[in-house]
Amino acid sequence: MIHGEPCFIGIHQEPGDLDGPLTIRVESKNEIKDDEIRLKVSEIFDLKDDLMEVYNFLESKSELQPTIEFCRGLRLFKAQDPFECIISSICSANNSIKRWNKSIRQIKEKWGEEFMSSEGVFHSFPSPEILMQVPEHDMEEMELCGGAGEASNYTSNLKSCGVGYRCSYMKETARMAHEEVDILKLGDMDYEDAFKEVSKFPGVGPKVADCILLYGYGMGQAFPVDVWIGRIISALYFQGEEIKPPKARIFGMKEFEEYAGYVQLYLFHYARKSGLMESLRKK
DNA sequence: AACCAGGTAATCG
DNA sequence: CGATTACCTGGT
């Protein structure tokens, strides 16, 4: 997997035993060294350090202390495929979790590479080159196929995955990732430069850019602000006064520094589990 | 059937 | 500049 070959990793931990042992099962056609597996798993699940450093930080801020008991053991999860993360993040904008997950699953099933394992069939996310060539809508696909039958019968096009107007963003981003931008290089840039760079992709605003950098490239200083984080910051730090996303983002980055990503994750989960979210619902 | 949620891009003053 | 609005889809 270090070299890009497919590999399946199953991870199990007894429910309720967050400090208990992790069982890791690996499947691959090729031989893989134990150390490589450990390295990759630990990178994906951010296991390189225990969370004490994060918890010490949360403890030091009175507004954040309550999040700990609701989130203990929760970790940032790093995406394995940067391009999948970029397209997924674009797809998530102005969209529901359920819907954009469904869209991404369909994209993988339709244009990803297929793999078998004992757990069933898997699909990788298609490469930029593949995705940029996918027809946008049923009419385009029909013409490509010679124009036979009803357009609505064609389902090998991006719009059929329910991505809506994000379709053109995704295709153009795929084209740029293939022809103009080295998306692997983003990981070596510093945060500010990487933020400017990913913001060049259509459909990528501040929130999506921060999601890409946080979940796709492990940049922990990113603080993605969606409506919920905006409301939570307003409630916890500004006595409920409305704080607009750009201001909430700057505030979060200054206040939380290299822990901003973890604070965002913990605040969101805390608000959801504690009932704070219900009380903040609309306006 | 009208209305809602959800970030970005375009447009307006 | 800041403020407003169109955009698509699946849900009520």
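Naming convention: chains lettered A, B, ... in sequence-line order (proteins, then strands); numbering from 1 in each chain. On a predicted model such as this, the values are computed, not experimentally measured, just so you know.
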Exercise for the section: Verify salt bridge (charged side-chain N to carboxylate O under 4.0 Å, His left out) between A:R175 and A:E180, making sure each step is shown before the conclusion. Expected result: CA-CA 8 Å; A:R175 191 197 62 73; A:E180 298 169 5; 3.0 Å; yes
Fill in the blank from the handout: Hits for ring pair (Phe, Tyr, Trp, His ring centres under 6.0 Å) against A:F223, two or more places apart or cross-chain, chain-then-number order -> A:F256
Problem - Residues clustered with A:Y154, ILVMFWY side-chain links under 4.5 angstrom - result: A:M139, A:M142
Practice task
Please list, chain by chain and in numerical order, all residues satisfying ring pair (Phe, Tyr, Trp, His ring centres under 6.0 Å) with A:Y165, sequence neighbours excluded.
Solution key: none
Exercise for the section: For B:dA9, take OP1 and OP2 only and decide whether either is under 4.0 Å from a side-chain N or O of A:R166. Expected result: no
Practice task
Quickly work out the A:E172 CD to B:dA9 P distance and round it to whole Å.
Solution key: 12 Å
Practice task
Tell me what A:P202 touches on the nucleic acid: a base, only sugar-phosphate, or nothing, going by heavy atoms under 4.0 Å.
Solution key: sugar-phosphate
Problem - Pair listing, salt bridge (Lys or Arg N to Asp or Glu O under 4.0 Å) test, anchored in residues 143-170 of chain A, at least two apart - result: none
Exercise for the section: May I ask you to say whether A:E69 pairs ionically with A:R72, meaning some side-chain N is under 4.0 Å from a carboxylate O? Expected result: no
Completion exercise
So salt bridge (Lys or Arg N to Asp or Glu O under 4.0 Å) across residues 124-133 of chain A, not counting sequence neighbours, yields none
Completion exercise
The first and last nucleotides of DNA chain C lying within contact of chain A, meaning any atom under 4.0 Å from one of its heavy atoms, run from C:dC7 to C:dG11
Fill in the blank from the handout: Rounding to the nearest 10°, end axes of the helix from B:dA2-C:dT12 to B:dG13-C:dC1 built from five pairs each make an angle of 50°
Problem - A:K61: partners by side chain to side chain contact (heavy atoms under 4.5 Å, CB included), with sequence neighbours left out - result: A:F57, A:E63, A:L64, A:E255
Practice task
Nearest whole angstrom, please: distance from the C1' of B:dA10 to the CG of A:N94.
Solution key: 15 Å
Problem - Sugar-phosphate, base or nothing in reach of A:V163, heavy atoms under 4.0 Å - result: nothing
Problem - Atom-to-atom span, CH2 of A:W228 to C1' of B:dA5 - whole angstrom - result: 10 Å
Completion exercise
So ring-ring contact (aromatic ring centres under 6.0 Å, His included) across residues 58-104 of chain A, not counting sequence neighbours, yields A:F45-A:F77, A:F70-A:Y270, A:F83-A:F125
Fill in the blank from the handout: Here the residues of residues 206-227 of chain A within 4.0 Å heavy-atom distance, strictly under, of DNA chain B are A:P206, A:K207, A:V208, A:D226, A:V227
Practice task
May I ask you to verify if any side-chain N or O of A:W100 is less than 4.0 angstrom from the OP1 or OP2 atom of B:dG6?
Solution key: no
Fill in the blank from the handout: Sorted by chain and residue number, the side-chain hydrogen bond (donor to acceptor under 3.5 Å, both in side chains) partners of A:K171 (sequence neighbours excluded) come out as none
Practice task
Could you tell me whether the side chain of A:Y169 has a donor or acceptor atom within less than 3.5 Å of a complementary atom in the base of B:dG7?
Solution key: no
Practice task
Check side-chain hydrogen bond (donor to acceptor under 3.5 Å, both in side chains) between A:D138 and all other residues, then give those that pass, not counting sequence neighbours.
Solution key: none
Practice task
Please report, rounded to the nearest Å, how far the C1' atom of B:dG7 is from the CZ atom of A:R99.
Solution key: 12 Å
